[in-house]
Amino acid sequence: MKKKYSILSLIKNSFSNNENWQKMWRSPDPKKTYDVVIVGGGGHGLGTAYYLAKEHGIKNIAVIEKGWLGSGNTGRNTTIIRSNYLWNESAYLYDHSIKLWEKLSEELNYNMMFSQRGVMNLAHNEHDIKEMKRRISANRLNGLDTKWLDTKEIKELVPIMNADNLRYPVLGAAYQPRGGVARHDAIAWGFAMRADEMGVDIIQNCEVKRIKTNNNKVEGVETSKGFINAGKVAVVASGHTSVLAQTAGVRLPLQSRPLQALVSEPIKPIINTVVMSNAVHAYVSQSDKGELVIGAGTDGYNSFTQRGGYDVIEETVRAIVELYPIFGKMKMLRQWGGIVDICPDASPIVSKCDVGGLYFNCGWGTGGFKATPGSANVFAHTVANDEPHRINAPFNLERFANGRLIDEHGAAAVAH
Amino acid sequence: MILINCPYCGERDQSEFSNGSEAHVKRPENSENLSDKEWGEYVFYRANPKGIFYERWVHSHGCRKWFNAVRDTSTDEILRIYKLDEKKPELNDFSNNLKTPSGEPEVGSGNFTIKK
């Protein structure tokens, strides 16, 4: 039965202590054979299942997740959404995603809590100003809504910011009003629920141990619940993608590193936009609960430990306190790490590979959340047609041989 | 945060060091005969195992000397540190306990590192 949420269902269920909500998705045992097996039950994987079922008529799909839905980077990121990327390829991909975000709550009948409160990237030196103005010009040519703010305009939007009395004064900012934040669990749960309704089997607590290939063609996956035959296997496993690819004999140009985030104790509304600073490395926004959500950097070495080094958060918190002295006495409640897979050019890989029927959606590095619906949408197209969508065609594996890199690392510093 | 035993200075905090990615990557000698794909593999592709990893470090805020290390990337435990002119330790010298790709318990996605 199609699950509808409304104010009436909220009231009705509150009378029964919220104990009678129907389950959002089934927990079936895996079938012997699927047309498509998606490895990884995060937002990107569940979205891929949703769009495969909805737009490409493939219903015999399993999403296999090692832990629980959204327990990886979908549930660990700082939920920033924007599309102000320098290069055309990236701008098309990320803006495709924002356009999907804008109608997703309605489409899934599930509140994404998508809040277009704007995203601000601060400039702290002459080089930052030049780089950002260049980026704004490129964005505007691609029809994006980025604009330049001077210090006075920044102070109007974020009065608590200390813009001049600090080591690297704030000299201006690139601002994208359509950017913002969304609820990270909601996108995983929303996609899962609607995919499940269309017959997709979501199998949690089941680890894919090996991707089995024969004659350079994928045959299925060895899991902790037995072998599952698959016509196609789509791997969307973020940090562990290269580990899985290796079991199929595929090498990917990825490096896995811990990326940390932290949240403070909840306070009253104080900052109503997302502020990012690459130069001093501090990202901050405020969640609807009132917590400050702070993104730190990656550790400087490969690791799968999901925790990260203390010096990295220390650097970030130092920058936050300098930019916002008012936060100086706040307490941080939680800190965690997620394992991100970083490509040499800091752009994702959404591509088929040399093995027939095997597809990868990986390399999102430190910024994959914003792309969730867009990435899932074009990846579903790639899996269904065995051909990339024109939006993700440049994000192929061949670029590491022919040199057509989409270099967002150098172009946009830390936050790409 | 991990401690690294610099072979020249002794044990120091990891933040004093910079990581130099995979160790023992050899520049192809016949680069003029390589295809774009093969050259791309040398330039862009590096090992990324969960488990035993051979890597380079430089003590950038210390003696500024390079050295190699063998680290278990699933726990961040450093298993061996050796100088650049020392022989690469064999993989068999180490017992890698990861039985599955994630190396985690059967149920849930608990942090194996902390449980260990």
Side-chain angles (χ1 to χ4, degrees), chain A residues 39 65-68 71-72 75 204-211 222-224 237 239-247 251-258 299-312 314-315 336-337 339 341-345 354 397-403 405, chain B residues 1-4 13-23 34-58 60-61 69 71-78 98-116:
Chain A
V39 186
E65 163 59 40
K66 165 74 186 74
W68 57 90
S71 60
Q204 299 181 76
N205 290 317
C206 176
E207 179 181 6
V208 171
K209 296 178 173 171
R210 196 163 70 91
I211 298 166
E222 194 81 62
T223 76
S224 53
H240 283 81
T241 304
S242 37
V243 178
L244 280 163
Q246 203 183 8
T247 67
R251 271 188 99 196
L252 294 170
L254 299 173
Q255 299 282 284
S256 296
R257 295 188 162 190
D299 278 351
Y301 51 90
N302 292 9
S303 173
F304 289 82
T305 55
Q306 293 193 333
R307 54 181 177 196
Y310 190 75
D311 52 321
V312 177
E314 191 184 1
E315 186 193 333
W336 62 91
I339 304 304
D341 45 334
I342 301 173
C343 260
D345 59 354
D354 291 340
L397 268 171
E398 288 80 55
R399 72 181 194 266
F400 301 102
N402 61 27
L405 301 181
Chain B
M1 189 177 281
I2 50 180
L3 291 174
I4 298 175
D13 192 296
Q14 171 264 314
S15 57
E16 289 188 16
F17 298 81
S18 305
N19 185 277
S21 184
E22 188 185 1
L34 292 188
S35 67
D36 286 352
K37 192 165 190 281
E38 287 164 328
W39 182 248
E41 276 178 17
Y42 164 64
V43 177
F44 296 116
Y45 288 68
R46 292 292 178 270
N48 186 29
K50 183 167 184 172
I52 306 292
F53 185 43
Y54 294 86
E55 64 185 354
R56 301 179 300 172
W57 287 92
V58 56
S60 29
H61 299 287
R71 184 168 54 92
D72 183 340
T73 59
S74 70
T75 59
D76 280 350
E77 193 181 349
I78 293 178
L98 300 183
K99 298 198 168 51
T100 65
S102 78
E104 288 176 2
E106 279 275 310
V107 173
S109 136
N111 195 324
F112 183 63
T113 322
I114 290 165
K115 284 177 185 154
K116 197 181 175 186

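By convention in this document, chain letters (A, B, ...) are assigned in the order of the sequence lines, proteins followed by strands, and residues within each chain are numbered from 1.
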Calculate, to the nearest 0.5 Å, the distance between atoms [atom1] and [atom2] belonging to [X] and [Y] respectively.
X	Y	atom1	atom2	answer
Arg251(A)	Asn48(B)	CZ	CG	10.5 Å
Leu397(A)	Phe44(B)	CG	CZ	12.5 Å
Ser303(A)	Asn19(B)	OG	CG	10.5 Å
Glu77(B)	Thr305(A)	CD	OG1	12.5 Å

* Mind ranking Leu244(A), Asp299(A), Leu254(A) by heavy-atom pairs under 4.5 Å with chain B and telling me who comes out on top? => Leu254(A)
* Could you have a look at Val243(A), Asn402(A), Val312(A) and say which one has the most heavy-atom pairs with chain B under 4.5 angstrom? => Val243(A)
* Asked: How far apart are the C-alpha atoms of Lys50(B) and Ile339(A), what are their side-chain angles, what is the distance that settles it, and do they pass the side chain to side chain contact (heavy atoms under 4.5 Å, CB included) test?
  -> CA-CA 11 Å; Lys50(B) 183 167 184 172; Ile339(A) 304 304; over 6 Å; no
Taking every non-hydrogen atom, the tightest pair across [X] and [Y]:
X	Y	answer
Ser74(B)	Phe304(A)	CA-CB, 4.4 Å
Ser15(B)	Asp311(A)	CB-OD2, 3.3 Å
Arg307(A)	Asp76(B)	NH2-CB, 4.0 Å

* To do: Tell me, out of Arg71(B), Lys37(B), Arg46(B), Glu22(B), who's got the most heavy-atom pairs with chain A below 4.5 Å.
  => Arg71(B)
* To do: Mark yes or no for whether Gln255(A), through its side chain, and Ala47(B), through its backbone, hold a donor-acceptor pair below 3.5 Å.
  => yes
* Portion of Ser21(B) that has a non-hydrogen atom of chain A nearer than 4.5 angstrom -> side chain
* Asked: Between Leu252(A) and chain B, which part of the residue has a heavy atom less than 4.5 Å away: side chain, backbone, both or neither?
  -> backbone
* To do: Assess the side chains of Asn302(A) and Thr73(B): does a donor N or O sit below 3.5 Å from an acceptor N or O?
  => no
